[in-house]
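The block underneath contains the structure these notes are about, expressed in structure tokens.
Atom set for the values below is all heavy atoms of this structure, side chains included, hydrogens, waters and symmetry mates excluded. The sequence lines fix the lettering, A, B, ..., with proteins before strands; numbering per chain opens at 1. This one's a predicted model, so the numbers in the text were calculated from it and none came from an experiment.
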2 protein chains.
Amino acid sequence: MRENHLPVYTRADEAFDCLQTAIVKGELAPGEKIGELELCTRFNLTRGPLREAIGRLESRGLLVRRPHAGVKVVAVSAAELMELYLIRETMEGLAARQAAERMTDSEIADLQATLDAHEQMIDEAQGQAYYQAEGDYDFHHRIATGSRNTKLAQMLLGDLYYMVRMYRYRLSTSAGRPHRALGEHRRIVEAIAQRDGELAEFLMKRHINAARRNIEKQIQDGVLTI
Amino acid sequence: MRENHLPVYTRADEAFDCLQTAIVKGELAPGEKIGELELCTRFNLTRGPLREAIGRLESRGLLVRRPHAGVKVVAVSAAELMELYLIRETMEGLAARQAAERMTDSEIADLQATLDAHEQMIDEAQGQAYYQAEGDYDFHHRIATGSRNTKLAQMLLGDLYYMVRMYRYRLSTSAGRPHRALGEHRRIVEAIAQRDGELAEFLMKRHINAARRNIEKQIQDGVLTI
DNA sequence: AAATCGATTATTGTCAACAAAGCAGCAGTT
DNA sequence: AACTGCTGCTTTGTTGACAATAATCGATTT
């Protein structure tokens with residue numbers, strides 16, 4: 001009778017992780033057609049577990065399958081990326097509201113501590129937008145789980161974030177934005193600490209809206225190509 | 001070069017459909033532990049495709065798997081069902097707003113026509129809440145696709161609705177609600193026809209909120225047990 | 001008598017061979 | 001010269017057998 005249910009990794013889980021990170025990191029380019037046995041040799045897997053993983057990823061919308069004709073990585077257009085941000089706006093707004101109602105005091109304290117860490121990271125590594133991106137991810141991750149809304153967290157963490165991160169990897173956050181974003185994060189946490197759900201929702205929506213407009217501008221300026 | 005890509009059904013697709021409908025219809029009860037080979041004999045499948053389907057359904061949150069210990073249908077608590085409705089509220093609000101901006105005139109006309117059909121169904125089969133439930137599903141389905149937001153539609157149609165429908169099957173919509181719901185539907189479509197996205201969003205959110213409170217009340221009254 | 005440890009059994013995870021379907025190249029015809 | 005139909009090949013879909021793991025039941029010990 002094992003009490004400690006530490007995650008038992010099956011080959012299928014392994015395959016899932018390998019594929020997912022490869023897609024997110026851009027090692028498998030969007031639109032690229034991928035062969036099964038090619039992936040098998042690449043990740044040291046057999047086709048059974050791999051196919052299970054492909055099924056899961058297809059269900060999550062990261063892969064597109066055409067029966068008997070192969071699987072390819074989903075290609076998201078600029079317009080679709082913008083729509084992803086619209087979805088994030090509403091869903092994370094809800095998450096922030098629920099987080100304000102449900103996060104424990106210690107969780108909020110932790111969140112504030114991570115923001116301090118993020119600030120230091122930004123100061124130390126100026127221009128190293130990567131850290132900010134990871135920090136940003138961390139922040140939103142905590143709010144999603146803090147909402148205590150199982151399905152909401154699942155949809156945000158399991159579906160949306162992977163698609164967003166997939167495009168995060170190739171976009172350099174514009175110079176001034178990290179500091180601005182951090183300020184916005186602070187105000188959201190303040191609202192949560194004051195248990196002001198409505199305000200937290202409003203601020204979160206505005207925050208993501210700003211991020212969306214930022215990317216939109218970069219695309220229009222030709223800085224970011226999709 | 002085949003032009004007409006009619007859906008090619010593989011065994012895995014078949015397995016997926018079988019399992020999904022069985023879960024939604026309650027033939028596989030929530031919490032019930034299901035064995036693979038039992039399902040194989042039941043649906044005339046082999047384990048390969050079945051496992052692929054299980055992987056997909058697990059990824060969608062309808063099944064819960066514990067490695068080496070089997071798969072069971074997810075059991076959603078009353079509280080979680082309420083949170084599902086909170087998610088629907090925000091997401092379908094967004095869908096209604098985008099639908100107001102993007103649906104074609106003929107799509108809107110079609111939508112109005114289906115509402116007329118629903119009204120007739122309700123009048124003819126009084127108390128037959130089933131038709132209303134299906135009609136309701138149809139309505140929300142059209143709005144979701146009408147948003148032209150691929151990911152949003154995918155999340156609503158592929159994830160949330162199946163979970164909601166799973167619990168719809170066992171709840172009898174209270175007597176007065178079908179007519180009220182139809183009225184709400186009409187006002188939403190009106191807003192869409194007038195291309196008033198904000199209003200459509202507001203009305204849709206209120207509509208789903210009302211549905212949620214209706215179920216909440218039924219649960220409290222003991223009419224509906226989960 | 002209760003509890004724990006161990007062997008058995010049933011079930012899941014994995015693999016490799018088989019069948020089927022699409023794709024590409026070639027040849028023949030129009 | 002372009003197009004259509006055939007043939008062979010590659011890739012995917014499927015199957016059944018094999019290996020590994022957890023649950024169950026029984027025996028032994030405290």
Practice problem: Look at B:R60 together with A:D159 and state whether they make a salt bridge at an N to O cut-off of under 4.0 Å. | Solution: no
Exercise. Tell me, with the steps shown, if A:E216 and A:R213 meet salt bridge (charged side-chain N to carboxylate O under 4.0 Å, His left out).
Key: CA-CA 5 Å; A:E216 205 167 18; A:R213 285 202 310 264; over 6 Å; no
Exercise. May I ask you to verify if any side-chain N or O of B:R51 is less than 4.0 angstrom from the OP1 or OP2 atom of C:dG13?
Key: yes
Quiz item: Between B:G35 and A:G48, which is nearer to the 5' end of DNA chain C once each is assigned its nearest nucleotide?
Solution: B:G35
Quiz item: Which nucleotide in the set D:dG13, D:dA22, D:dT15 lies at the smallest distance from any side-chain heavy atom of B:T46?
Solution: D:dT15
Practice problem: Using the six-membered ring wherever Trp is involved, compare the ring planes of B:Y161 and B:Y137 and label them parallel, tilted or perpendicular (cut-offs 30° and 60°). | Solution: perpendicular
Quiz item: Can a donor-acceptor pair be found between the side chains of B:H118 and B:D136 at a distance below 3.5 Å?
Solution: no
Quiz prompt | Step-by-step side chain to side chain contact (heavy atoms under 4.5 Å, CB included) determination, B:L57 to B:I54 | solution = CA-CA 5 Å; B:L57 287 166; B:I54 287 175; 5.8 Å; no
Quiz item: Contact class for A:I34 vs. all strands (heavy atom < 4.0 Å): base, sugar-phosphate, or nothing?
Solution: sugar-phosphate
Exercise. Taking A:R195 for its side chain and A:A100 for its backbone only, find out whether a donor-acceptor pair lies under 3.5 Å.
Key: yes
Self-check item: Distance in angstrom units between B:K33 NZ and D:dA23 P, rounded
Solution: 9 Å
Quiz item: B:E52 has an atom CD; how far is it from atom P of D:dG13, in whole Å?
Solution: 7 Å
Quiz item: Could you state the CD-C1' distance from A:E36 to C:dA20, rounded to the nearest angstrom?
Solution: 14 Å
Practice problem: Measure the distance from CZ on A:R11 to C1' on C:dC15 and round it to the nearest whole Å. | Solution: 11 Å
Quiz item: Does B:E80 come within less than 4.0 Å of A:K151, counting only side-chain N to carboxylate O?
Solution: no
Quiz item: Atom NZ of A:K72 to atom C1' of D:dT12: distance rounded to whole Å?
Solution: 16 Å
Self-check item: Heavy-atom check, side chain of B:L84 versus side chain of B:L160, under 4.5 Å
Solution: yes
Quiz item: Quick one: is C:dT11 close enough that its OP1 or OP2 comes under 4.0 Å of any side-chain N or O from B:R66?
Solution: no
Produce the list of close N/O pairs, under 3.5 Å, pairing protein atoms with atoms of nucleotides 7-10 of chain C; give distances to one decimal.
none

Quiz item: Choosing from D:dT14, C:dT11, D:dA22, which nucleotide comes nearest the side chain of B:P49?
Solution: D:dT14
Quiz prompt | Rounded interatomic separation in angstrom, taking CD from A:E38 and C1' from D:dT10 | solution = 14 Å
Quiz item: Looking at D:dT12, C:dG13, C:dC23, which one has an atom nearest to any side-chain atom of B:R65?
Solution: C:dG13
Practice problem: Give the rounded distance in Å between these two atoms: CG of A:L37 and P of D:dC9. | Solution: 17 Å
Quiz item: Could you state the CZ-P distance from B:R47 to D:dT14, rounded to the nearest angstrom?
Solution: 16 Å
Exercise. Classify the ring geometry between B:H140 and B:H207 as parallel (under 30°), tilted (30 to 60°) or perpendicular (over 60°).
Key: parallel
Quiz item: Can you tell me if B:S59 uses its side chain to pair, donor with acceptor, with the backbone of B:G55 under 3.5 Å?
Solution: no
Quiz item: Between the two ends of the helix from C:dA1-D:dT30 to C:dT30-D:dA1, what is the bend in degrees, rounded to 10 degrees, where each end axis spans five pairs?
Solution: 20°
